[in-house]
Every structure is written in structure tokens, then in C-alpha cells.
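Notes for the one structure printed next.
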Amino acid sequence: MKILMALDYYRPNISGLTLYAEHLAEGLAARGHEVSVLTHRHAPGLPAESREKGVRVVRSAVAARLGKALVSPAILARARREITRCDVVHLHAPLVNAAPMAFLARSLRVPLVVTYHCDLRTPSGALQRFVEVVARASQNFALDRAQTAVTSTEDYARNTPALANRIDKVRWILPPVAEPPDTGRGEDEVRRRYGVRGSPVLLFLGRFAAEKGLVHLLDARTRVRTRFPHAVLVLAGETRSVPGETVGERLRPLLADPQSGVVVTGFVPMEEAADLFTIADALVLPSINSTESFGLVQVEAMLRGVPVVASDLPGVRQPVRMTGMGEIAAVADPVALAERILAVLESPASYRRPREEIRAMFSTERTLTEYEAVYRSAGARA
């Protein structure tokens with residue numbers, strides 16, 4: 001099958017959406033499908049076309065930027081050429097060009113599948129609000145014309161208006177999760193590498209973005225240290241080049257304080273993420289709104305034996321509910337977050353599950369098989 005995926009950002013940009021699309025594209029390519037990814041050339045020096053782990057990646061030049069949104073008239077001309085060559089078009093939303101790409105797919109009679117990764121929320125400001133309104137309208141246009149819409153969990157689908165209003169065409173498929181490879185480094189070596197002194201260790205691994213709830217996590221960390229005075233909070237992720245975000249800059253004065261018990265590692269490649277799980281006593285995902293719909297990092301941590309404290313958000317709470325490996329905390333509530341963290345730290349063994357059990361729940365092979373069925377069904381319905 002010839003599959004064309006379209007999304008705004010792809011490697012080397014790192015986010016849950018890009019990792020999801022990357023794992024899915026590479027997994028389908030490994031099964032013998034011809035997979036192409038159409039995206040933006042979001043960073044200087046990226047090639048216009050490349051082949052990465054069996055996936056053909058096509059990047060169009062960016063003409064303008066509106067916060068996180070990328071404007072590229074050239075991508076639509078390229079989309080028309082690519083759509084004529086494929087058996088199914090798979091849009092990963094939020095996607096700026098969702099409406100015109102959906103229109104092209106329908107007009108060229110090519111089946112359309114939309115994976116709805118999360119809601120779109122833009123920073124404050126009239127221009128950003130305009131971008132959000134246009135993007136939502138474009139996304140809804142694509143959902144209305146898709147044969148099938150996919151999201152990660154039924155919990156998220158039924159609690160998200162854009163999906164709940166179209167529930168008859170929505171499928172929920174657990175995301176493809178790649179376990180970070182073991183680097184062979186021991187705990188002492190990893191601690192020295194990142195300058196981590198003290199315990200227990202709380203880990204945040206992700207983008208430094210407003211919706212991730214880092215401000216609430218920092219407040220909760222202060223409360224945790226009244227019970228565990230030597231507790232360390234490790235914040236791992238890109239702090240500077242997150243499109244449209246300034247959280248890293250706003251937190252920098254606190255993060256630079258050597259007495260704060262906070263360690264900032266900067267960006268850690270996927271190939272080395274297992275090191276962070278080696279030293280972590282708990283992973284914390286304190287997201288505050290529906291721009292987080294699952295949190296792949298939770299499953300990555302669980303596969304390495306690390307329990308999780310996650311926000312009580314639709315979809316985000318599901319990995320903990322499914323596995324029992326952690327606690328669920330009220331959204332944007334530092335006191336509740338600290339209480340749930342302490343519950344995990346005071347009885348860590350009760351939250352651990354065998355790796356094989358977690359891997360069976362989140363089977364990448366099953367995810368690929370279910371997507372293949374979605375593509376075939378979309379073709380039949382088209």
C-alpha cells in the first residue's frame with residue numbers, strides 16, 4: 001500500500017506527535033508499505049527530500065511563521081502531486097493545511113484518514129487567537145471529509161467535542177511506543193553525567209511548553225522536599241528552540257539556582273532517554289489542558305519500571321488506569337500533585353509491574369495491524 005502522511009513538523013523536531021508519526025511510518029515501512037511523509041522544512045539545513053529508516057520524507061520551504069504555525073504555499077502544490085501517487089492520505093492533526101489537503105484528497109478520490117492527536121491551544125494575543133480559529137475550522141473540515149478519524153483512547157474521544165460530535169467515524173488505537181534502548185550506563189555514571197546529587201529523583205521528560213504544567217510541578221517539588229529534603233527534580237527537554245514557547249526562558253532564574261534541587265539536562269536524544277529512567281524514582285506528567293491527549297513518555301517510563309504521576313486529563317490518565325503503575329493528580333493543583341508524588345515515593349514497589357505485562361498492553365505490532373485495517377476500511381468506504 002502507498003501511504004502519504006502529512007504533518008506540520010517531523011524529525012528533527014521532537015514532540016509526542018512527531019514521535020508517534022515517526023514510529024508509525026517506520027513500522028509500516030518495515031511491513032513492506034511504501035510510506036511518504038509530507039512536512040515543512042522547519043529548520044535551516046534540512047534536506048528537501050530524504051529517506052530515513054525506509055520512509056521517504058518530503059519537506060517544503062516555510063514562507064512565514066505565526067508562533068508554532070508554519071505557512072508554506074509550496075506544500076499544497078507538492079501535496080497535489082503526492083496525493084495522485086498514493087492509495088491513502090493520512091493527516092496528523094493539528095495540521096495547518098488540513099482543509100486544503102482534505103479537499104485535494106476528496107477531489108482526487110483518494111481515501112482520507114485523520115489522526116486527531118490533541119486539541120490546539122495557542123498563546124494569548126489577537127493574532128494567535130486568529131490562527132487557532134482558522135486551524136480549528138480547517139481541522140473540522142478535514143474530520144468531516146475523512147472516512148475514519150483515529151485517536152489514542154476512547155476516554156479522549158468521548159471528552160473532546162471535535163471527536164465526540166463525530167463519534168460514529170472515530171476509532172481509538174493505542175499509539176506506537178518505542179522503548180528507549182539500554183545504553184549500558186549504570187546509575188552512578190548517569191548521575192555524574194547529569195550532575196544529579198540527592199534522592200529520590202523526580203523526572204520530567206518533554207518539551208518546555210506552557211501546557212506541560214512545569215510551574216505547578218516546581219511548586220509541588222517544594223512541598224515534596226518537606227518530606228524528602230534531598231529530593232531532586234530532573235527536567236529533561238529542549239528549553240530554547242521550542243516553537244512559540246518561552247517557558248524555558250521564564251524559568252531560567254530558578255533553574256540556575258544550585259540550591260533549588262532542580263537539574264536541567266537540556267535536550268536528551270531518544271537513544272539516551274533510558275539513562276534518565278535508570279535514575280528516576282517517578283516520572284511526573286503534570287499537563288494542564290487537552291493539548292496533551294496521552295503522553296507516550298508514560299509508557300516509555302513504565303517499560304523501564306518507573307511509576308508515573310499524571311494529570312487527571314482525558315486520555316492522559318489512561319496509562320495509569322490501565323497498568324496501575326502510578327497515581328492520577330488533579331489538574332493544575334500543586335498540592336494534589338505533591339500528595340500523589342509522595343504516595344508513589346513512599347511505596348514505590350506497589351506501583352511496579354512486569355515489563356512483559358506493560359509491553360503486551362501497548363503492542364506496537366497490534367497498533368500497526370489496526371492502522372492497516374483502518375486504511376483498508378477507508379478505501380472500501382471511499
Side-chain angles (χ1 to χ4, degrees), residues 1-11 17-40 49-60 75-118 138-152 157 162-163 166-176 363-382:
M1 185 179 295
K2 296 179 180 178
I3 304 161
L4 175 65
M5 296 187 185
L7 62 160
D8 284 330
Y9 291 87
Y10 196 67
R11 283 278 195 175
L17 192 159
T18 57
L19 288 173
Y20 183 118
E22 179 187 351
H23 298 332
L24 180 61
E26 291 174 1
L28 290 168
R31 286 191 170 197
H33 298 286
E34 189 176 318
V35 184
S36 296
V37 170
L38 179 60
T39 187
H40 295 97
E49 186 169 329
S50 61
R51 184 163 291 277
E52 302 174 16
K53 297 184 179 179
V55 177
R56 176 172 164 263
V57 183
V58 180
R59 299 180 176 89
S60 291
I75 201 171
L76 297 179
R78 189 60 186 259
R80 183 178 181 84
R81 294 197 298 272
E82 296 295 332
I83 289 172
T84 60
R85 303 170 183 168
C86 69
D87 299 314
V88 62
V89 175
H90 184 175
L91 306 183
H92 291 268
L95 175 67
V96 170
N97 294 303
M101 288 188 180
F103 177 80
L104 284 171
R106 286 298 293 266
S107 64
L108 294 169
R109 300 178 182 274
V110 178
L112 176 65
V113 173
V114 177
T115 294
Y116 191 104
H117 289 270
C118 63
S138 178
Q139 178 175 269
N140 290 337
F141 181 95
L143 287 171
D144 286 338
R145 283 151 185 81
Q147 274 71 43
T148 307
V150 178
T151 195
S152 293
L163 297 173
R166 303 167 175 85
I167 201 68
D168 59 320
K169 66 165 60 178
V170 179
R171 285 278 309 272
W172 30 91
I173 300 176
L174 289 171
S363 165
T364 298
E365 292 304 310
R366 183 171 61 243
T367 296
L368 296 173
T369 297
E370 290 180 359
Y371 260 109
E372 288 173 328
V374 163
Y375 294 151
R376 289 193 297 270
S377 174
R381 293 173 65 184

Under a 4.5 Å cut-off applied to non-hydrogen side-chain atoms, are [X] and [Y] in contact?
X	Y	value
Y116	V170	no
T367	H23	no
S50	R59	yes
L28	M5	yes
Y9	L17	no
Q139	P94	yes
R166	N140	yes
V110	C86	yes

Next on the checklist: Checking Y20 against S152: is there a side-chain donor and acceptor pair closer than 3.5 Å?
Outcome noted: no
Next on the checklist: Tell me whether the count of non-hydrogen atoms from other residues, nucleotides or ligands lying under 6.0 Å of CD in E34 goes above 12.
Outcome noted: no
Checklist entry - Hey, is CZ on F141 packed in by over 12 heavy atoms from elsewhere, all under 6.0 Å? => result yes
Nearest 0.5 angstrom please: [X] [atom1] to [Y] [atom2], how far?
X	Y	atom1	atom2	answer
S36	R78	OG	CZ	9.0 Å
L104	I83	CG	CD1	4.5 Å
T115	L95	OG1	CG	11.5 Å

Looking at every heavy atom in both [X] and [Y], which two are closest together, and how far apart are they?
X	Y	answer
V37	A25	CG2-CB, 4.3 Å
A142	V114	O-CG2, 4.1 Å
T39	L7	OG1-O, 2.9 Å
L163	A157	CB-O, 3.6 Å
A98	L91	O-CD1, 3.8 Å

Can you tell me if [X] uses its side chain to pair, donor with acceptor, with the backbone of [Y] under 3.5 Å?
X	Y	result
R145	A102	no
S107	F103	yes
Q147	L112	yes
T148	V113	no

Checklist entry - Going by the angle between their ring planes, with limits at 30° and 60°, are H90 and H92 parallel, tilted or perpendicular? => result parallel
Checklist outcome for this item: For R106, the side-chain hydrogen bond (donor to acceptor under 3.5 Å, both in side chains) test, sequence neighbours excluded, returns none
Next on the checklist: Regarding E82 and R56, does a basic nitrogen lie under 4.0 Å from an acidic carboxylate oxygen?
Outcome noted: yes
Checklist entry - Would you call R11 and E22 a salt bridge, taking side-chain N to carboxylate O under 4.0 Å as the test? => result yes
Next on the checklist: Applying side chain to side chain contact (heavy atoms under 4.5 Å, CB included) to Y375 and D87, what does each step give before you reach the verdict?
Outcome noted: CA-CA 9 Å; Y375 294 151; D87 299 314; over 6 Å; no
Item to check | For N97, side chain to side chain contact (heavy atoms under 4.5 Å, CB included) partners two or more places apart | outcome: H40, I75, L76, P100, M101
Checklist outcome for this item: Sorted by chain and number, sequence neighbours left out, side chain to side chain contact (heavy atoms under 4.5 Å, CB included) with T369 holds for R31, E372
